[in-house]
Novice: 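Structure incoming, see below.
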Amino acid sequence: MSNEILVIVDMQNDFCPGGKLAVHGGHDIVPVINDLARQFRHVALTQDWHPADHLSFASQHDGMVPFMTITMPYGPQTLWPDHCVVGSRGAAIHSELNVPHAELIIRKGFRREIDSYSAFFENDHKTPTGLGGYLKERGFSKVTLVGLAFDYCVRYSAEDAKMLGFDVTVVSRATRAIDLAGSALQTRKSFEERGIVLV
Ligand code: VGL
Ligand code: ZN
C-alpha cells in the first residue's frame, strides 16, 4: 500500500558472519528480506557509517575492549569493535541483498562524537537523522522494520518510529540479535509495552 514502507536496517557486511561485528546468522536473513521486499512498493535502507576514529570504537579508548560500556556526555555507550568504517568493504550493503526498488539509503553514525543506533535520532535521542521528516513528507504512516541488529539498531529505530506516531511492525524472521546481557528479551518486552507489533 502507498502509505507503507519497509525499512531495511544495516544489512552490511560487517554485521554478517566474517564481518567485524558479526551477528549470529546475520546473512541467513538476506533471502528472507529479499522475498519480503518484493511485497513492498516502497523500501528504504539504512547504513551504519562511521569515521575510522569513531568514539563508539573500543580502540579509541585506553584500556577498553569491545562490549564494555562507558559514559558519554549523552549517556551510556557500549563500545564496539571497529566496524562499518566509511568506504570500507565492511560498510558496504550485503552483495546478495536484492532491493533495486529501494528509494532511499540513509547513513547514520557519521559524527565522531556520537553513535546512532536509531535510524531516526542519534544516541542523544535529540539529533534527528532526517528520516522521520522524510517519511512524513512522503505520506507514509506505517513502517515495517527488518535487518540488523534486532536488539540495537532495529530496536531503537522501532521505538523512535512509534514515538513519532508511525504504526510499527518488526518481522522477527527477518532480523537477528546481538544479544548482550539479555538485550534480545528486553527488546521483546519493550515492544510489547509500546505497542510495537512483532510478527
Ligand atoms: C549496530 C552496534 C553498533 C546495529 C550498529 O546495526 O545494530 N549495533 N553499530
Ligand atoms: Zn555502528
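Counting starts at 1 for both ligands and their atoms, in listed order.
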Novice: Of all the atoms in ligand 1, which lie at a distance below 4.0 Å from a heavy atom belonging to Ala149?
Specialist: 4 (C), 6 (O), 7 (O)
Novice: A quick test of your reading: do over 12 heavy atoms of other residues, nucleotides or ligands sit less than 6.0 Å from CD of Glu192?
Specialist: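 It does not: Glu192 CD has 12 such atoms or fewer within range.
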Novice: For the Zn ion (ligand 2), what is the closest N, O or S atom on Asp48?
Specialist: OD2
Novice: State plainly whether the residues Lys108 and Asp48 are in salt-bridge range, i.e. N to O under 4.0 Å.
Specialist: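 Looking at Lys108 and Asp48, the cut-off is met.
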Novice: How far is atom 5 (C) of ligand 1 from its nearest protein heavy atom, and which residue and atom name does that atom have?
Specialist: Asp48 OD2, 3.2 Å
Novice: Using a 4.0 Å heavy-atom threshold (strictly under), name the region of Leu148 that reaches ligand 1: side chain, backbone, both or neither.
Specialist: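 Answer for Leu148: backbone.
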Novice: Check whether NZ of the Lys or CZ of the Arg Lys162 lies under 6.0 Å from the centre of the six-membered ring of Phe191 and within 45 degrees of that ring's axis.
Specialist: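 No, Lys162 and Phe191 do not form such a contact.
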Novice: Would you say His83 touches ligand 1, if touching means a heavy atom closer than 4.0 Å?
Specialist: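 Yes; His83 lies near enough to ligand 1 that a heavy-atom distance drops under 4.0 Å.
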Novice: Can you report which non-hydrogen protein atom sits closest to atom 1 (C) of ligand 1, along with the distance?
Specialist: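 Its nearest protein heavy-atom neighbour is Cys153 SG, 3.3 Å.
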Novice: Should the pair His125 and Tyr156 be assigned to parallel (<30°), tilted (30 to 60°) or perpendicular (>60°) ring geometry?
Specialist: tilted
Novice: Give the ring-plane orientation class for His83 versus Trp80, where under 30° counts as parallel, over 60° as perpendicular and anything between as tilted.
Specialist: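 The rings of His83 and Trp80 stand perpendicular, inter-plane angle above 60°.
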Novice: Which is it for Val154 and Val146 under the side chain to side chain contact (heavy atoms under 4.5 Å, CB included) test, yes or no, and what are the steps along the way?
Specialist: CA-CA 7 Å; Val154 173; Val146 297; over 6 Å; no
Novice: What is the name of the N/O/S atom of His83 that is nearest to the Zn ion (ligand 2)?
Specialist: NE2
Novice: Measure from atom 6 (O) of ligand 1 to every heavy atom in Asp10, Val23, Thr46 and give the option owning the shortest one.
Specialist: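 Checking each option, the heavy atom nearest atom 6 (O) of ligand 1 is found in Asp10.
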Novice: Charged N to carboxylate O below 4.0 Å: is that the case for Arg138 and Glu103?
Specialist: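 Yes, this pair counts.
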Novice: Is His54 close enough to the Zn ion (ligand 2) that one of its N, O or S atoms comes in under 2.8 Å?
Specialist: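 False for His54.
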